[in-house]
Amino acid sequence: MNLVIALLSARRFLAKEQLRTLIADYRELSDEAFERQFERDKDILRNLGVPIEMGSNSAFFSDELGYRIRQAAFQLPDIEFTPEEVAALAAASQVWQQTSMAESTARALAKLGSAVTDSFSVFAPSVDAHDAAFLPLWRAFYARQVAVFSYRDGSPRKVEPWALVSRHGAWYLIGRDQNKDERRTFKLSRITSAVRLSGSPEAFRVPTELDVAACLKELDIMQPDAVAVVAVRDGRATDLTRRGESIEWATPLPPGFTAWRIPYRSQIGLVADVATAGCDALPLDPPELTAGVRDHLTALLERLHVKAVADDDAKRQDMPDPELLQPKQEERKQTTTSYDQVQRLLSLVPYLQANPGVAIDKVARVFQVTSEQIVKDLQVAWLIGLPGGLPDDLIDVNMELLESDGVIYLSNAQFLPRPLRFTSDEALALIVALQAIREVATGVAAKVVTETLAKLSSAVDANQLGQVLLDVASGDDDVRTKLAAAIAENTRVQFNYFGGSSGTCSTPIVDPLRIEVLDGVAYLVGFAVEREDWRTYRLERVTDVNQLTVPALTHPNPPARKASWFAALGECHSVTLELTTEAEWMTEYFPVSNKCPSPGGFRVDLPVADSRWLTRLILSLGCNIIAIDPPEAAAAAVIEATHALAGLDG
């Protein structure tokens with residue numbers, strides 16, 4: 001800290017020996033120890049984003065190099081936020097569920113002097129990054145450093161990270177594959193090795209013409225190019241009927257069935273979708289669709305009846321777990337380091353000057369540490385000051401008022417009036433968090449978030465940061481607007497809801513609580529009046545919202561925010577699936593664990609909270625299932641597949 005202040009207060013470049021004389025901590029060191037400490041201190045400050053310049057004071061002797069920090073390059077510009085914008089920033093502090101990213105957001109907010117206790121009451125998005133490759137790729141991305149890794153096809157990749165994209169909770173890297181010399185998109189969950197950073201930072205430039213939004217659209221499923229006809233039991237299999245239209249059919253249909261024209265791209269995919277509906281869907285045309293569904297269900301029954309899961313726990317223990325090869329996610333630090341303390345003091349000192357008499361518990365909330373840690377920081381601040389180290393040069397803290405009233409008064413610190421500028425990491429983390437809120441916010445709230453982002457962009461060079469884009473499955477804008485209005489006005493709502501597990505449409509009456517985002521998908525959290533319990537509704541499945549005149553009631557035990565959908569589930573039981581390699585895709589979409597190789601493919605454990613959901617998954621997987629443990633977990637799917645086959649045979 002004293003090195004920072006010495007270089008900030010210098011009007012000229014200060015040579016190394018001058019700094020050794022000015023800073024008390026350096027004076028008592030031997031020549032060798034001073035050289036090591038000085039280089040270490042410079043590295044720490046540069047890693048923190050402190051812009052240390054090297055130069056000469058002489059136009060004739062340029063070899064007489066010294067160091068300085070220009071105030072304009074060091075200080076964060078003064079940004080004024082409205083109370084509504086402060087609330088948006090506070091909400092941003094709760095968005096990141098990944099520990100390191102949450103800490104980066106907290107540091108950025110501390111520099112802005114924003115507390116994290118208030119938030120938007122209606123919108124509660126969350127962003128997480130479970131993939132082990134995320135953090136090293138994030139660092140490579142903002143440092144402009146080449147990333148080296150192995151992909152699922154087994155090939156080594158050497159990539160210039162141009163952009164990071166989150167689509168419906170899954171993260172993708174967009175960049176130039178140096179080996180192929182072309183732009184490629186990589187799904188982080190398919191990276192099979194630890195990510196290694198290669199070469200020096202700022203090693204490449206991101207093309208100015210890069211359109212990340214267009215790259216994101218490339219991830220969308222291709223448009224349908226064929227049409228099938230499927231008879232669907234009325235009120236059932238809504239995942240099929242919502243993407244088609246009902247039609248008249250020339251031949252008689254089973255009672256209670258209606259013919260639907262269903263557009264599709266992949267027959268394999270449509271076969272799985274029809275099979276998932278069980279005896280509620282009957283394929284009519286083309287004939288190869290009927291044959292495909294019959295083969296799919298027949299193979300499933302053969303798998304479930306012929307082979308049982310062998311009891312090979314001992315063998316499983318000897319098999320290497322591929323997940324162990326991935327680097328572990330960072331864990332929250334239990335202790336603070338000197339690096340952390342310097343980073344915090346660069347923001348703490350300006351904050352205390354701008355807020356004289358602030359309560360220590362509020363300071364602790366702003367900086368997301370304990371009050372005891374703030375006291376330790378203040379004890380260090382006593383030793384910080386201008387070169388010379390005389391009493392009038394050092395920061396003064398009124399410890400008497402701190403001990404008696406719990407408030408902080410700091411003086412003699414005018415040499416550090418503004419906090420350090422955002423690092424790329426801090427700026428990006430905060431911008432992404434605000435983007436997440438904007439993805440689901442409506443009306444005035446969306447306007448506030450947009451204006452907050454615009455003010456932040458004035459404090460950072462957005463072009464230098466690179467592009468991070470979020471794509472949240474947030475449903476219809478009109479649906480979110482009506483639900484947000486009902487929450488704000490504390491009224492009940494009724495809407496059509498197309499259930500995923502049941503495949504039916506219901507019209508629940510709900511006291512809405514909030515709109516939240518879990519795993520890249522927006523949900524309404526509310527109290528279902530008829531069920532007399534809290535429920536979560538996926539907004540993509542909500543239509544025709546009707547705001548009722550009845551006031552919403554206050555109900556006990558509202559659910560807490562969770563980092564992900566499966567973390568928000570209640571009690572789960574575990575089912576072990578043995579699958580062929582063709583079903584590898586499911587490990588990217590479901591929170592499987594204990595993945596290990598098996599003779600026919602691989603084995604995973606899957607948490608299950610809804611037996612209907614498991615039945616539909618089993619029907620969808622078909623012949624890609626080798627075995628299920630316990631076997632009775634497949635009983636409902638066996639019955640459904642048997643009835644569906646009987647319907648196919650007329």
Side-chain angles (χ1 to χ4, degrees), residues 221 224-308 498-505 577 579-580 582-583 585-586 610-628 631-650:
I221 298 174
D225 60 0
V227 175
V229 179
V230 180
V232 178
R233 194 186 306 273
D234 295 341
R236 310 288 295 186
T238 56
D239 283 348
L240 284 172
T241 59
R242 290 186 71 199
R243 66 200 231 202
E245 60 178 354
S246 61
I247 62 171
E248 295 293 331
W249 192 244
T251 58
L253 299 176
F257 278 72
T258 300
W260 290 79
R261 181 184 286 116
I262 311 292
Y264 70 98
R265 178 81 185 188
S266 164
Q267 180 164 304
I268 294 176
L270 183 59
V271 164
D273 292 342
V274 174
T276 299
C279 56
D280 290 327
L282 181 65
L284 301 175
D285 187 65
E288 55 265 28
L289 175 62
T290 301
V293 173
R294 179 181 287 107
D295 291 345
H296 181 97
L297 294 174
T298 300
L300 172 64
L301 291 176
E302 289 176 352
R303 294 283 195 180
L304 296 179
H305 287 159
V306 173
K307 184 177 176 65
F498 297 89
S501 297
S502 63
T504 61
C505 179
L577 300 178
L579 305 168
T580 66
E582 285 75 13
W585 59 268
M586 72 162 294
D610 188 334
S611 59
R612 295 175 302 173
W613 173 83
L614 177 62
T615 296
R616 290 166 61 84
L617 177 63
I618 294 171
L619 290 170
S620 173
L621 289 170
C623 64
N624 291 319
I625 292 181
I626 299 175
I628 299 177
E632 56 267 23
V638 169
I639 295 172
E640 194 73 22
T642 302
H643 289 168
L645 280 173
L648 288 175
D649 295 333

Roughly how far, to the nearest 0.5 Å, is OG1 of Thr276 from CG of Leu617?
8.0 Å

Do other residues, nucleotides or ligands put more than 12 heavy atoms under 6.0 Å from Ile268 CD1?
no

Of Ile628, Thr580, Leu621, which is the lone residue that meets side-chain contact (heavy atoms from CB on, under 4.5 Å) with Arg303?
Thr580

Run the side chain to side chain contact (heavy atoms under 4.5 Å, CB included) test on Leu270 and Leu289 for me, step by step, so that the C-alpha distance in whole Å, both residues' side-chain angles and the decisive distance to 0.1 Å come before the verdict.
CA-CA 8 Å; Leu270 183 59; Leu289 175 62; 3.9 Å; yes

Can you tell me how far the CD1 atom of Ile626 sits from the CG atom of Leu304, to the nearest 0.5 Å?
11.5 Å

Side-chain heavy atoms of Val293 within contact of Leu282, under 4.5 Å
no

Take Thr251 and Trp249 through the test side-chain hydrogen bond (donor to acceptor under 3.5 Å, both in side chains) and record every step on the way to the result.
CA-CA 6 Å; Thr251 58; Trp249 192 244; 3.0 Å; yes

Compare every heavy atom of Phe257 with every heavy atom of Cys279, then report the nearest pair and how far apart it is.
O-CZ, 3.6 Å

So do Trp260 and Ile247 actually touch side chain to side chain, heavy atoms under 4.5 Å?
no

Looking only at non-hydrogen atoms, find the nearest pair between Ile262 and Gly244 and report the distance.
CD1-CA, 4.1 Å

Measuring from Ser246:OG to Asp234:CG, what's the distance to the nearest 0.5 Å?
9.5 Å

Heavy-atom pair with the smallest gap, counting every atom of Ala259 and Leu253:
N-CD1, 3.6 Å

Tell me whether Asp285 is salt-bridged to Arg261, with the criterion being a basic N under 4.0 Å from an acidic carboxylate O.
no

Look up atom CG in Leu301 and atom SG in Cys623, then write down how far apart they are to the nearest 0.5 Å.
12.0 Å

CH2 of Trp585 to CG of Leu579: how many Å apart, nearest 0.5 Å?
9.0 Å

Salt bridge or not for Arg616 and Asp273, using N-O below 4.0 Å?
no

Hey, could you give me the OG1/CZ distance between Thr241 and Arg236, rounded to the nearest 0.5 Å?
11.5 Å

Does Leu300 reach the side chain of Ile618, with side-chain heavy atoms less than 4.5 Å apart?
yes

For the residue pair Leu619 and Ala637, what are the closest heavy atoms and their distance?
CD2-O, 3.7 Å

Heavy-atom side-chain proximity of Leu645 to Thr298 below 4.5 angstrom:
yes

Is there a side-chain contact between Thr290 and Leu648 (heavy atoms, below 4.5 Å)?
yes

Heavy-atom closest pair (Cys505 atom, Thr238 atom, distance to 0.1 Å) is N-CG2, 4.0 Å

If you take all heavy atoms of His296 and Ser620, which pair is closest and at what distance?
CE1-O, 3.2 Å

